[in-house]
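Here the structure comes first, spelled out in structure tokens, and everything after it is commentary.
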Amino acid sequence: MKKTITLTACIALVAFLGFNFTTTHGEHEILEVGKKAPNVAQKMKDVSGNEYSLNDLALDNGLLVVFSCNTCPFVVGRGEDSEGWEGRYNDLYTLGKRNKIGMVLVNSNEAKRDAADSFEAMVTHAKENGYKSAYVMDKNSELANAFGAKTTPHVFLFDSNMKLVYTGAIDDNVSSASEVKEKWLRAAMVNLATGNEINPATTRHMGCSIKRVK
């Protein structure tokens, strides 16, 4: 019988394993809802070999930024115990495209560039998992620092003016997409595109801490 992890159990697991869902990281405070995206012109190398900025990737109704990586179990899963959130990325990309919202995955794990989060490993990982969205390397964690991004994953949804309208988690069940009860990010994207209120606009981000160089 397949094991699943509820949100409560996930939080306990995070605390036990030393993962991160705090609201600050040193001097890097999380970007607040209503604030404009920083570093929108910063060029980052994509797994395609091209370089893109946030401005390049935004569509008419906005942009979804997801801080991610190649190895965190909250992204890639934990075998039979958890699917991880990565398997939902392509559906989010498709939803965004349908609603004129761009999407980019950002790897800010600068401390692991010589290991599992090297650019070459990113290219392989994106290909193996069939990523539809851009997957870019954030050198020296510059974008993560500007956003105050904490974990993989950590999502930031911006409107057409690049103002933040939602930040936090993708949904309430990392273990099983079929058992999700609260589709926070999907609801935020649809409400953004249709001009409806986004509520909640903030949820608890959860995952492995972004590996910055200290």
*Student check: side-chain heavy atoms of M44 and K139 closer than 4.5 Å*: no
*Do the cysteine sulfurs of C69 and C208 sit under 2.5 angstrom from one another?*
no
*Taking the side chain from N191 and the backbone from E197, do they hold a donor-acceptor pair closer than 3.5 Å?*
yes
*Taking 4.0 angstrom as the limit, do D172 and K183 come out as a salt bridge?*
no
*Could you check L59 against I101 for side chain to side chain contact (heavy atoms under 4.5 Å, CB included), going step by step and ending with a plain yes or no?*
CA-CA 5 Å; L59 297 181; I101 299 169; 5.7 Å; no
*Is a side-chain donor-acceptor pair under 3.5 Å present for N140 with R212?*
no
*Given side chains that start at C-beta, do those of N39 and L54 come closer than 4.5 Å, heavy atoms only?*
no
*Where is the tightest heavy-atom contact between F74 and G207, given as atom of each residue plus distance?*
CG-CA, 3.6 Å
*Rounded to the nearest 0.5 Å, how far does OG1 of T152 lie from CH2 of W85?*
10.0 Å
*Could you walk me through whether K112 and K211 pass side chain to side chain contact (heavy atoms under 4.5 Å, CB included), step by step?*
CA-CA 7 Å; K112 298 178 72 176; K211 304 304 186 289; 3.7 Å; yes
*Please round to the nearest 0.5 Å and tell me the distance separating atom OH of Y93 and atom CE of M103.*
9.5 Å
*asked:* Please tell me whether H125 and E120 have a donor and an acceptor in their side chains that are separated by less than 3.5 angstrom.
replied: no
*For residues V47 and A126, report the shortest heavy-atom separation together with the two atoms involved.*
CG2-CB, 4.1 Å
*Is it true that R88 and E83 make a salt bridge, defined as a side-chain N closer than 4.0 Å to a carboxylate O?*
yes
*Atom CD1 of I210 and atom OG of S108: how far apart are they, to the nearest 0.5 Å?*
5.0 Å
_To check you understand the geometry: which heavy-atom pair defines the closest contact between K163 and K36, and what is its length?_
CG-CG, 3.8 Å
*asked:* Between V165 and F158, is there a side-chain heavy-atom distance shorter than 4.5 Å?
replied: no
_Rounded at 0.5 Å granularity, tell me how far CG in L157 sits from OH in Y166._
9.0 Å
_So which atom in R113 and which in S118 form the shortest heavy-atom distance, rounded to 0.1 Å?_
O-CB, 3.0 Å
*OG/S178 to CG/N173 distance, rounded to the nearest 0.5 angstrom?*
8.0 Å
_Between D159 (side chain only) and M162 (backbone N and O only), is there a donor and an acceptor less than 3.5 Å apart?_
yes
*Close side-chain approach of L95 and V190, heavy atoms under 4.5 Å*: yes
*T194-N196 side chain donor-acceptor pair, cut-off 3.5 Å*: yes
*Mind running side chain to side chain contact (heavy atoms under 4.5 Å, CB included) on V66 and V106 for me, showing each step along the way?*
CA-CA 6 Å; V66 181; V106 182; over 6 Å; no
_I need the full list of ring-ring contact (aromatic ring centres under 6.0 Å, His included) pairs touching residues 42-72, with sequence neighbours left out, sorted by first then second residue._
F67-F147, F67-F156
*Taking the side chain as C-beta and beyond, is there a heavy-atom pair between E142 and Q42 under 4.5 Å?*
yes
*asked:* For a quick check under 3.5 Å, do N129 and Y135 share a side-chain donor-acceptor pair by atom type?
replied: no
*Closest non-hydrogen atom pair between N70 and D117, with its separation*: N-OD1, 3.0 Å
*Backbone N/O of K132 and side chain of N90: donor-acceptor pair under 3.5 Å*: yes
*Nearest-0.5 Å distance that lies between atom CD in E86 and atom CD1 in I170*: 10.0 Å
*Does any non-hydrogen side-chain atom of E51 lie less than 4.5 Å from one of D56?*
no
*asked:* Tell me whether V155 shares a hydrophobic cluster with V180, the cluster being built from Ile, Leu, Val, Met, Phe, Trp, Tyr side chains joined at under 4.5 Å.
replied: no
*side chain to side chain contact (heavy atoms under 4.5 Å, CB included) involving V33 - partner list, sequence neighbours excluded*: L164, T167, A201, T202
*Does some side-chain heavy atom of P38 sit less than 4.5 Å from a side-chain heavy atom of L31?*
yes
*Show your working on side chain to side chain contact (heavy atoms under 4.5 Å, CB included) between K43 and V136 and close with a plain yes or no.*
CA-CA 9 Å; K43 293 288 187 177; V136 300; over 6 Å; no
*Mind listing the closest non-hydrogen atom pair of L143 and D138 along with its distance?*
N-OD1, 2.9 Å
*P200 versus W184: any side-chain heavy-atom pair under 4.5 Å?*
yes
*Whether N50 side chain and D46 backbone form a donor-acceptor pair below 3.5 Å*: no
_Looking at D114, I'd like to know if its CG atom is crowded, meaning that more than 12 non-hydrogen atoms belonging to other residues, nucleotides or ligands lie closer than 6.0 Å._
no
*Under 3.5 Å, is there a donor-acceptor pair between the D91 and T94 side chains?*
no
*With no hydrogens and no angle check, is any side-chain donor or acceptor of N61 less than 3.5 Å from a backbone partner on N99?*
yes
